[in-house]
There are 2 protein chains.
Amino acid sequence: MDRVVQRAKRISLVDGEALFQQGDTATRFYLVVEGHMKLFRLAPDGNEKVIELVDTGHTFAEALMFLEQPRYPVGAVALGDTELISVDAADFSAILRDSVDLCLALLGDMSFRLRSLIREIDDLSLHSATCRVAAFILARAPADCDDFDLEIPKHVIASRISVKPETFSRIIKSLKSKNVLEIKGSKVHLLDREALEDAADVCGLPVEAT
Amino acid sequence: MDRVVQRAKRISLVDGEALFQQGDTATRFYLVVEGHMKLFRLAPDGNEKVIELVDTGHTFAEALMFLEQPRYPVGAVALGDTELISVDAADFSAILRDSVDLCLALLGDMSFRLRSLIREIDDLSLHSATCRVAAFILARAPADCDDFDLEIPKHVIASRISVKPETFSRIIKSLKSKNVLEIKGSKVHLLDREALEDAADVCGLPVEAT
DNA sequence: AAAGCGCTTTGATCCATGTCAATTGATATA
DNA sequence: TATATCAATTGACATGGATCAAAGCGCTTT
């Protein structure tokens, strides 16, 4: 374990700086100490889809260690100035060999991610854009407080939930007109949490459905 | 290991029979010995999206063992008469404790699944329906032979790739009219594999793009 | 202040898919 | 041989969201 820590690196990125590109060979994984990372896929036409927003305290790319020929399936850039710790996959792998518990913990972590991704697919194919917007905002809202900050540019959020910035803006406008919430800059103020929850899971369902 | 095998069960399902429902508590996982399983999510409005088609020789639901409160995030029904082996998660978990190698193998397996799901999300949000149809058919085609059987009803395939059966049918028709392939019942005959590959990754890109 | 530059918003229009409905075909049932 | 059933196809139409284009709005820089 000492060895891992010793060989771990501290990395500082400025806003917008890339950590790796989609397709790069993966030999390390990362922990976000400060800031946010954006993981995204690029389409051949240059379109980009944000797969995951990694917040402070979370790791990413650790699931790749176990593939035969590990290449990052996504690109990674910093959102805002960001601090990372980078760990060598081989070092870490060696540790895993000595600790079944750590293995199991990792398996748990990956299970969780797997399930999140299934939810995501569900969301994309079974729910409308409005629904996804509502769910996203809800997920970011603290349980106890109706005012908070989306710490992330709106166009990035839009890509995260697979809508165009224009559409995102219009959906927000519509929610505003229904007195569900207000957004001023990046400050969100929830007016009717329940209505937002409805929008999130009722989706496009006709309200009169029994 | 003996214990696992002893306590494993053999299960036979007839076509359309359900193994478990979305939301059921998960205590076992499965290996398909014969036939196919369909894993799917249900939307509140009854719409269904096939998440995965599990072919003979593959396992499913093993990733759930590591969650706190394991519930199947999908439902499972047999496509055609199907034989399974069912393994108790707790038993298997105990074995994992004794074998780091097995742990690592599982981690590898889960890595792979994770990556597949990322591809899937990419596909859904970055590629057109035509593109997904082409990719699906290519994935099912043997490398060496241009004639093969989709062993699965078309409407299930359609759901798997998130298009409506009608749209699926139209896309096939269009590919047929371009002399890319022919489909008669469930028999596929590839006429122009290269064109199909183009359709699969070029997607909706204008061909004149450099 | 003015000018420049991203980001966000708004409006007008378009299009890929979904929806609804009818027809055909293919099996299975009586 | 009729008939009910279910999958697959086809046509007509509706629509959510994308696209294109033009402002508006904070910013920082000069």
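At its two ends the helix from C:dA1-D:dT30 to C:dA30-D:dT1 runs along axes set 30° apart, each axis drawn from five pairs and the angle rounded to 10°.
Look at NE2 on A:His155: it is 18 Å from C1' on D:dA18, rounded to the nearest Å. We find that CD1 of A:Ile157 is positioned 13 Å from C1' of C:dC7, with the value rounded to whole Å. Rounded to whole Å, the distance from CD1 on A:Ile171 to P on D:dG16 is 11 Å. Summarising the geometry, the separation between NZ on B:Lys164 and P on D:dA12 is reported as 22 Å, rounded to the nearest angstrom. Spacing between atom CD1 of B:Ile152 and atom P of D:dA7 amounts to 15 Å, rounded to whole angstrom units.
We find that B:Glu120 and B:Arg115 are not joined by a salt bridge, their nearest charged nitrogen and carboxylate oxygen being 4.0 Å or further apart. The pair B:Arg113-B:Asp109 counts as a salt bridge, with a side-chain nitrogen and a carboxylate oxygen less than 4.0 angstrom apart.
Proximity of the aromatic rings of B:Phe60 and B:Phe29 is defined here by a centroid distance below 6.0 angstrom, and this criterion is not met.
Of the two residues contacting DNA chain D, namely A:Ala129 and A:Lys184, the nearest-nucleotide position lying further toward the 5' end is that of A:Ala129.
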Practice item. Decide side chain to side chain contact (heavy atoms under 4.5 Å, CB included) for A:Leu31 and A:His58; before the verdict, give the C-alpha distance in whole Å, the side-chain angles of both, and the deciding distance to 0.1 Å. Key: CA-CA 6 Å; A:Leu31 166 69; A:His58 292 91; 5.9 Å; no
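Taking every side-chain heavy atom of B:Ser169 into account, D:dT9 is the closest of C:dT8, C:dT17, D:dT9. The side chain of B:Lys173 approaches D:dG11 more closely than any other nucleotide in the set C:dT10, D:dA18, D:dG11. Of the candidate nucleotides C:dT8, D:dA8, C:dG18, C:dG18 has the atom nearest to the side chain of B:Val163. The A:Glu166 side chain lies nearest to D:dC20 when the options are D:dC20, C:dG18, D:dT10.
B:Asp149 and B:Ser186 make their closest contact through OD1-OG, 2.9 Å (heavy atoms, listed as atom of the first residue, atom of the second, distance). The nearest pair of heavy atoms linking B:Ala195 to B:Val180 is CB-CG2, 4.0 Å.
A donor-acceptor contact under 3.5 Å is not formed by the side chain of A:Arg170 with the base of D:dG16.
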